[in-house]
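For reference, the structure is listed below as structure tokens.
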Amino acid sequence: MLRRQIKKQDQITRKVMCLPSLKRFSFRYKIGHKIQNINEKLLKINTEADSLGLQDEHPAGPVLDHLYWRETVPNQEEFKIVGRDNDKLHIIELLTQSRKEEKLSIVPIVGMGEIGKTTLAKSVYNDKKIEQHFDVKAWLCVSVKVDINTLLAKIYESLDKKKPTSDLRTNLIGSLNEQLTSKRYLLVLDDVWIEKRPYWEEFRSCMLNVSSQNGSGILVTTRKLEIGTHDMHMDSCLLKGLSDDHCCDIFRERVFVAGTSSSLELEEIGHEIVKKCGGLPLLLNVIGGMLAHYSDIEKWLAIKNSKVLDLEEERDRVQKSLELSFDNLPNSIVKQCFVYCSIFKKDTVMEREELVRIWMALRLVQADEERNKEMEDVGNDIFQILVSNSLFQDVERDEYGHITRCSMHDLVHDLSLLLSKHESLCLEDATNDDIACMPQVKHLAFYQKQNIKLVAEVSMFIERNTEARTLHTLFIEGEVDMKFPFQRLKCIRILQLKCYLIRELDDSIGRLVHLRYLDLAYTKIRVLPESIGKLYHLQTLKLSDDIEQFPEAIRNLISLRYFQCDKNIPANIVGQLTSLQTLPCFILLRRKRHGIEELRHLNNLSGRLCISKLENVRSKEDAFKADLSRKKNLYEIELEWSRDRGGANKNEKDVLEGLQPPRDVKELEITRFYGDNFPEWVMKMAIDIEGKWTPLDKLVSITLYDCRSCLSLPTLEHLPHLQNLLLIQMDSLTCLRSSDVIGSTKPLSLSLRSLGLYFLERLEKWIDGEPNSSKTISPVLEKLDIYVCPKIICLDEYHPHPLVSLRISQCTGLVSIKSIQGLTSLECLEIFMCPSLSDITNLPNQCHSLKTLSINNYDKLTSLPHGMFNCFAFLNELTLGPFSKELDSFPSLQGIEKLSNHLQSLELRGWDHWELMPEELQHLTSLALLCINRFGIKELPMWLTNISSIRKLRFNNCKGLNKETVRRGAPREATDVRLNYGRVLIN
């Protein structure tokens with residue numbers, strides 16, 4: 001059918017008249033009888049099923065009517081802890097205070113499986129005190145017994161996000177040094193199994209050789225009570241089961257929807273169930289997630305009276321409860337989707353969209369026409385059911401609250417392995433013997449390190465073994481140095497090759513007629529064969545960024561829904577791919593079949609779309625042909641004209657008028673529109689639907705970039721979800737208030753949280769007649785960036801406002817910052833290269849939240865604001881200078897000793913005639929990084945050697961210093977000392 005459809009698209013009509021042969025008649029006669037016999041058998045089976053009361057199974061969709069999804073819960077809620085407050089405070093105290101003078105402390109969290117060790121560790125890891133105390137954090141799931149070199153390599157990989165170049169211990173420690181020198185770090189080693197004392201003494205010794213700052217910590221989760229050294233025993237936090245009250249809180253939140261009342265009878269039964277859970281959080285979540293779908297008392301009583309909860313061994317009780325949760329999944333489709341996940345390695349973080357596409361490729365997920373749901377919608381519903389039943393955990397969400405990633409608990413993964421043992425096989429670092437005696441399965445995954453001989457065995461297995469013909473899934477993560485024998489994979493639906501040595505795709509790929517998911521992203525393939533156009537069922541295609549060109553045959557992939565590659569498919573091909581849902585960029589050309597009309601039939605597009613080179617659209621009528629407003633699943637849209645097209649075209653406003661976005665768009669960017677006024681829909685931020693203006697009220701982010709002639713901004717007041725506004729190179733803009741709103745003193749937006757003003761040459765005021773204050777922008781504004789706005793003269797932040805970050809740079813006309821007294825929530829204040837600014841007055845009385853302060857390049861400033869260090873006593877990073885060149889030395893830093901407990905990084909910038917470093921620096925006992933720029937010093941002060949906390953020391957453009965002088969005067973504890981960007985060896 002698909003082949004006929006393609007021929008119709010290409011207008012290939014070949015009519016060959018010939019007499020049918022007797023052989024063909026005979027074949028059709030036999031096949032007709034076989035089909036008739038099959039239909040009769042199916043009818044008989046259906047009749048018997050009806051007599052037994054069996055019913056047809058429906059997709060997962062209808063189940064969701066009775067479920068309450070909590071899509072807007074923030075990330076922290078995913079691992080909210082109950083009943084562990086004291087444990088958490090104790091661990092944070094150990095990591096931040098009790099051992100801060102020691103170089104390294106290792107704190108174990110010890111307890112039985114499923115007691116909540118990892119959840120507690122996550123809560124500690126994400127705590128604000130931990131964020132402020134440590135410079136670097138990394139999380140590593142260990143799970144298996146590993147030697148120390150492997151553990152060091154894994155730690156490096158978790159820090160740098162790439163594998164180390166050498167596995168020798170000295171080199172590994174050197175690599176860790178590069179990452180952690182002069183930094184206070186926290187590592188979490190989750191699920192550790194080695195308890196022997198010599199192992200931990202050796203590991204600790206290795207980490208002590210890393211030149212980190214004092215007070216670094218390692219948090220370990222383990223089931224081993226007698227783990228490690230004496231100090232580790234002393235500091236260990238032993239977790240016990242939760243109290244009944246805390247268990248009831250977890251169970252109640254899991255089962256009952258917030259704000260609703262439950263029957264007294266269900267409450268009483270629930271209390272009995274909680275008692276049987278033995279204080280295990282995982283068990284409470286699993287049972288609670290299962291019962292959340294039921295309100296009938298019989299079901300609750302069945303769970304309460306189940307022998308599963310009476311098992312003595314906690315692990316058995318949890319395992320049987322997981323099986324019970326699996327048995328209670330709504331239907332076999334959901335169960336099959338769960339079981340398939342055994343194909344992934346333990347601790348794999350699964351991407352929701354990828355998982356749904358894989359389920360689709362296996363045809364586990366089908367569109368639900370009755371409920372008007374696409375395959376992706378049904379797949380997402382199934383995913384959510386598995387999350388709701390606690391079979392998927394550790395979920396991560398995007399900025400809109402949608403779940404993007406998750407993982408499976410070890411015991412849940414064990415359950416999926418048990419249930420899939422006859423269908424799936426996941427081999428990690430397999431031996432040749434493993435491959436030789438593989439059972440016949442439908443889904444096969446190889447995860448292996450570089451081993452050419454082994455990969456040859458894999459290839460030989462595929463080429464010679466009949467079991468390969470029945471494979472539906474094949475994942476290979478390793479190195480393949482050969483042409484891959486595709487022709488044997490007759491039934492393959494999913495093929496993923498993460499093999500960097502593959503440079504060529506064999507023509508036999510076109511024979512895989514059932515293939516629906518093809519991932520070649522991690523290969524070196526540059527050219528695709530024409531035969532790829534025969535993959536009529538292909539839904540997902542992921543290609544490497546090395547791809548050089550696309551064959552014309554790609555136009556035949558009319559089932560293609562998802563395409564991933566940095567290279568763009570030409571417009572004349574894209575227009576034929578009517579099922580396509582992802583198209584990051586569409587580049588227009590002035591040639592036949594490369595115009596904007598090629599977008600007309602791509603109404604399934606979703607996510608992000610950038611339409612580039614809009615100067616090649618001739619008229620508003622042509623722009624309307626894109627039918628952009630009907631592409632309801634597009635959430636991010638960028639409309640872009642080219643930089644090198646010259647001046648404005650007469651039709652730009654008309655073209656933009658014809659590109660009205662869908663009403664649910666969340667992010668909108670308009671780039672290099674050179675008209676003096678935006679069209680009406682942009683100014684109103686609303687689209688015309690059948691003569692009625694409908695607001696784009698789902699907008700979260702708006703970017704206007706290089707719209708240099710526009711005189712006015714759009715109206716923003718009626719956009720309740722707008723959070724981010726970015727204005728760049730709006731050269732003609734003088735005021736932020738829209739010209740449509742005259743005389744109003746209301747804020748520009750009631751919801752805006754971030755405003756970026758960059759290169760606005762004529763901008764003077766936020767609102768005419770009002771001071772330039774954050775309160776006139778938005779009552780909830782958190783971040784304000786003002787870069788290269790030379791006409792802005794004055795800022796006044798006297799009124800209380802929750803601004804968190806204020807950064808001002810290269811505003812040459814800025815004469816005064818009258819006050820920042822109202823900004824008591826500031827965490828970051830940076831003022832850079834504002835040469836006309838002579839003073840900063842009215843600082844807040846107390847601003848304990850400020851962590852980063854930078855005041856740079858003030859030609860007129862002769863002193864620092866009075867009492868500055870009283871106001872900002874909790875600073876972590878401080879950058880000052882240079883100030884007026886008329887000064888003989890750096891301005892007084894009187895009072896800076898009040899920062900001694902917190903200040904870790906200090907940079908001072910001066911002039912060549914300043915020959916002394918400020919003596920007040922000697923009181924900064926927590927300083928880890930000191931950078932002196934362009935001072936005329938010839939000797940280092942004696943007191944500098946006494947600041948033992950310094951690990952990094954920098955003297956840049958200090959012409960009076962030499963290496964020997966720096967070597968003599970630097971603290972012995974410093975591990976990274978540089979003069980004019982060159983390394984100085986101290987020890």
Side-chain donor-acceptor pair present, Arg561, Asn604, cut-off under 3.5 Å: no
Closest contact, heavy atoms only, Leu444 versus Leu471: CB-CD2, 3.8 Å
Working to the nearest 0.5 angstrom, can you tell me the gap between Leu543 CG and Thr523 OG1? 7.5 Å
Are the side chains of Leu515 and His537 in touch, meaning some heavy atoms are under 4.5 Å apart? no
Is Asn331 reaching over with its side chain to a backbone N or O of Ile333, donor-acceptor style, under 3.5 angstrom? yes
d(Lys498 NZ, Phe446 CZ) to nearest 0.5 Å is 16.0 Å
Regarding Gln581 and Glu376, do their side chains bring together a donor and an acceptor under 3.5 Å, going by distance alone? yes
Mind telling me whether Phe338 and Phe326 have parallel, tilted or perpendicular rings, with 30° and 60° as the class edges? tilted
Can a donor-acceptor pair be found, under 3.5 Å and without considering hydrogens, that links the side chain of Lys117 to the backbone of Ile109? no
Closest non-hydrogen atom pair between Tyr447 and Cys426, with its separation: CE1-SG, 3.4 Å
Quick one: does Ser420's side chain have a donor or acceptor within less than 3.5 Å of a partner on Glu423's backbone? no
Hey, what do you get for OG1 (Thr582) to CG (Leu605), rounding to the nearest 0.5 Å? 8.0 Å
So does Glu374 get a backbone contact from the side chain of Asp377, meaning a donor-acceptor N/O pair under 3.5 Å? yes
Is the shortest heavy-atom distance from the side chain of Val387 to the side chain of Val395 under 4.5 Å? yes
As an exercise, state the distance from CG of Leu391 to CG of Leu322, rounded to the nearest 0.5 Å. 7.0 Å
Charged N-O contact under 4.0 Å between Asp519 and Lys542: yes
Under a plain distance cut-off of 3.5 Å, with no hydrogens placed, do Ser416 and His413 share a side-chain donor-acceptor pair? no
Given side chains that start at C-beta, do those of Met360 and Arg493 come closer than 4.5 Å, heavy atoms only? no
So, do Val365 and Cys337 sit near enough that their side-chain heavy atoms are less than 4.5 Å apart? yes
Give, for atom CG of Leu541 and atom CZ of Phe563, the distance between the pair rounded to the nearest 0.5 Å. 6.0 Å
With the threshold set at 4.0 Å, does a side-chain nitrogen-carboxylate oxygen contact exist between Lys154 and Glu157? no
Tell me, yes or no, whether the heavy-atom count around Asp327 atom CG, taken from other residues, nucleotides or ligands under 6.0 Å, exceeds 12. yes
Before you tell me yes or no, could you show the steps for His246 and Arg84 under side-chain contact (heavy atoms from CB on, under 4.5 Å), namely the whole-Å CA-CA distance, both residues' side-chain angles and the distance that decides it to 0.1 Å? CA-CA 9 Å; His246 289 136; Arg84 302 292 187 201; over 6 Å; no
With a 3.5 Å distance limit and no angle check, can you tell me whether Ser559 reaches the backbone of Leu538 through a side-chain donor-acceptor pair? no
Checking Lys275, His271, Glu267 against Cys248 for side chain to side chain contact (heavy atoms under 4.5 Å, CB included), the one that qualifies is His271
Does Val192 form a side-chain contact (heavy atoms from CB on, under 4.5 Å) with Leu189? I'd like the steps, not just the answer. CA-CA 7 Å; Val192 173; Leu189 305 181; 3.8 Å; yes
Between Pro439 and Leu425, is there a side-chain heavy-atom distance shorter than 4.5 Å? yes
Which heavy atom of Gly288 sits nearest to which heavy atom of Phe251, and what is that distance? CA-CE1, 3.9 Å
We want to know whether Thr473 and His443 form a side-chain donor-acceptor pair, criterion being a heavy-atom distance below 3.5 angstrom. yes
Counting only heavy atoms from other residues, nucleotides and ligands, does the tally under 6.0 Å from CD of Glu428 exceed 12? yes
Can you tell me if Thr118 and Asp190 form a side-chain donor-acceptor pair at under 3.5 Å? yes
After noting the C-alpha distance and the side-chain angles of Ile403 and Asp398, does the key distance pass the side-chain contact (heavy atoms from CB on, under 4.5 Å) rule? CA-CA 7 Å; Ile403 295 176; Asp398 62 17; over 6 Å; no
Could you pull out the closest heavy-atom pair between Met375 and Gln539, with the gap in Å? CE-NE2, 3.9 Å
Could you walk me through whether Arg469 and Arg488 pass the side-chain contact (heavy atoms from CB on, under 4.5 Å) test, one step at a time? CA-CA 6 Å; Arg469 297 184 181 183; Arg488 305 287 293 180; 3.2 Å; yes
When rounded to the nearest 0.5 angstrom, what distance separates CG in Asn389 from CG in Asn328? 8.0 Å
Describe, in one word, how the ring planes of Trp359 and Phe383 are oriented to each other, choosing from parallel (under 30°), tilted (30 to 60°) and perpendicular (over 60°). tilted
Polar side-chain atom of Thr348 near backbone of Met350 as donor-acceptor pair, under 3.5 Å: no
Hydrogens and angles aside, do Asp191 and Thr221 bring a side-chain donor and acceptor to less than 3.5 Å of each other? no
Measure from the side-chain N and O atoms of Ser158 to the backbone N and O of Ala138, and report whether any donor-acceptor pair falls under 3.5 Å. no
Any sub-3.5 Å donor-acceptor pair from Lys137's side-chain atoms to Tyr125's backbone N or O? yes
Would you check if Tyr517 and Leu495 make a side-chain contact, meaning some heavy-atom pair closer than 4.5 Å? no
In terms of heavy-atom contacts, Ile269 and Leu301 come closest through CD1-CD2, 3.8 Å
Side chain to side chain, Lys224 and Val110, heavy atoms closer than 4.5 Å: no
If you look at every heavy atom in Asp664 and Tyr635, which pair is closest and at what distance? O-CD2, 3.6 Å
Any side-chain heavy-atom pair from Met408 and Cys341 closer than 4.5 angstrom? yes
